[in-house]
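All figures in this text were calculated on a predicted structure; none of them were measured in a lab. Computation of the quantities below employed the complete heavy-atom set of this structure, encompassing side-chain atoms and omitting hydrogens, waters and symmetry-equivalent molecules.
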Amino acid sequence: MRHDPSATTLPSAAAPGLRLRGRTHPLLTLELEDLTPESLRAALAARLGATASFFRHAPVLLDLGALPAAAAPRLAALIGVVRDLGLVPAAFRARRPEIERAALEAGLGRMLEAEPRQELTTPCERRPPVVITEPVRSGQRIYAAEADLIVLHSVSPGAQLLADGCIHVYGALRGSASAGVADDPQARIFAKTMDAELLSIAGLWLGAEEIPPQWSGRPAQLAIREGWLRFAALP
């Protein structure tokens, strides 16, 4: 087992059998705007579309930064809509104290924010890439923490790939792939055959039905350009 230098462990004498660790976990982020519960239900149902079953029971981070203080009384109802549609609100981040109090009263945890990262002109150092030499089967979930993920085979439907860096698939990508899960907008996804159920980079995502036909089933890469997920040919 690889030692995690960022982990914080409570002394065993103080808490036998208990470890409290600080780690970065990939969470789907849902940004809530100033909507009524009814309009949120319609918008979120439409956005999930055919991928609703894929996201069922998925933990999400609610970004409440855009909500005005006046939205605090209806926040519990908004959170209820998110739960009704199969997502599991696990934590939140907010700017206004009224929204923060309402989120805490609704039972959400406050997201602990890391220290602001400096803007670098060169990519930050990562761990060596995680290389998978076997096909990734349905139901498998592979996460490359602080590293790129390289799959030398195909990825079956129902499989999940996650990486803090880029994802490279040298076969058919038919499951889901989430790159830049530690909020790195420079991450990319490369696939010899782009046929994914879900694609995500730094919290922006596309369902299978949103992949343009000219890129479906073909060699392609995906990156964030001008705030949007955009496909391009492989070099």
Side-chain angles (χ1 to χ4, degrees), residues 6-8 20-49 51-52 55-121 123-124 143 145-146 162-165 178-187 198-207 210 223-230:
S6 67
T8 302
L20 182 61
R21 296 173 179 251
R23 287 180 174 172
T24 299
H25 291 274
L27 284 179
L28 184 71
T29 299
L30 176 60
E31 298 179 4
L32 290 187
E33 298 181 357
D34 190 15
L35 301 170
T36 65
E38 294 75 17
S39 57
L40 173 62
R41 185 181 299 275
L44 185 55
R47 185 66 182 87
L48 293 175
T51 62
F55 286 114
R56 185 165 300 279
H57 307 308
V60 294
L61 168 66
L62 298 184
D63 187 338
L64 309 177
L67 292 184
R74 65 175 182 275
L75 182 58
L78 294 174
I79 294 171
V81 169
V82 176
R83 290 194 175 105
D84 288 347
L85 292 179
L87 302 176
V88 182
F92 75 94
R93 57 186 175 209
R95 295 178 183 174
R96 295 169 177 82
E98 297 88 351
I99 299 297
E100 180 169 322
R101 284 194 296 269
L104 291 172
E105 290 172 0
L108 299 186
R110 184 190 295 108
M111 188 68 175
L112 299 178
E113 298 292 344
E115 291 294 322
R117 291 179 292 181
Q118 288 183 312
E119 292 296 325
L120 302 178
T121 56
C124 62
Y143 175 36
E146 300 179 19
L162 303 103
D164 286 342
S178 298
V181 296
D183 200 24
D184 181 1
Q186 303 303 316
L198 180 94
L199 297 168
S200 171
I201 299 177
L204 299 178
W205 56 275
L206 294 171
E210 297 173 299
I224 296 179
R225 294 287 182 269
E226 300 177 348
W228 296 86
L229 291 173
R230 300 184 186 276

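For the pair V82 and P89, the tightest heavy-atom approach, listed with the atom from each and the gap, is CG1-CG, 3.8 Å. Summarising the geometry of A94 relative to I99, their closest heavy-atom pair is CB-CG2, 3.9 Å, with the distance given to 0.1 Å. In terms of heavy atoms, A202 sits closest to I224 at CB-CD1, 4.1 Å. When all heavy atoms of A90 and P59 are compared, the pair lying nearest together is CB-CB, 4.2 Å. Across every non-hydrogen atom of D164 and E146, the tightest pair is OD2-N, 2.7 Å. For the residue pair A179 and G165, the shortest heavy atom distance occurs at CB-O, 3.3 Å.
Counting only distance, with no hydrogens or angles, the side chain of D63 and the backbone of E31 share no donor-acceptor pair below 3.5 Å. Between the side chain of R96 and the main chain of G65, a donor-acceptor pair closer than 3.5 Å is present. At least one donor-acceptor pair closer than 3.5 Å links the side chain of R230 to the backbone N or O of R225.
Contacts of E210 classified as side-chain hydrogen bond (donor to acceptor under 3.5 Å, both in side chains), with partners at least two apart in sequence or in another chain: R47.
With rounding to the nearest 0.5 angstrom, the CG atom of L67 is 9.5 Å from the CG atom of L62. In this structure, T29 OG1 and L32 CG are separated by 11.0 Å, a value rounded to the nearest 0.5 Å. The CD1 atom of I201 sits 10.0 Å away from the CD atom of Q186 when rounded to the nearest 0.5 Å. Here CG of L78 is found 9.5 Å from CD of E38. Values are rounded to the nearest 0.5 Å.
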List the steps, then state whether side-chain contact (heavy atoms from CB on, under 4.5 Å) holds for L229 with L199.
CA-CA 9 Å; L229 291 173; L199 297 168; 5.8 Å; no
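When side chains are defined from C-beta on, L30 counts as touching L44, because their heavy atoms get closer than 4.5 Å. The side-chain heavy atoms of R110 and F92, taken from C-beta on, include a pair separated by under 4.5 Å. In this structure, the side chains of W228 and L204 stay at 4.5 Å or more apart for every pair of heavy atoms. Side-chain contact between E98 and L75 is absent, with no heavy-atom pair separated by less than 4.5 Å.
More than 12 heavy atoms of other residues, nucleotides or ligands sit less than 6.0 Å from atom CZ of R83.
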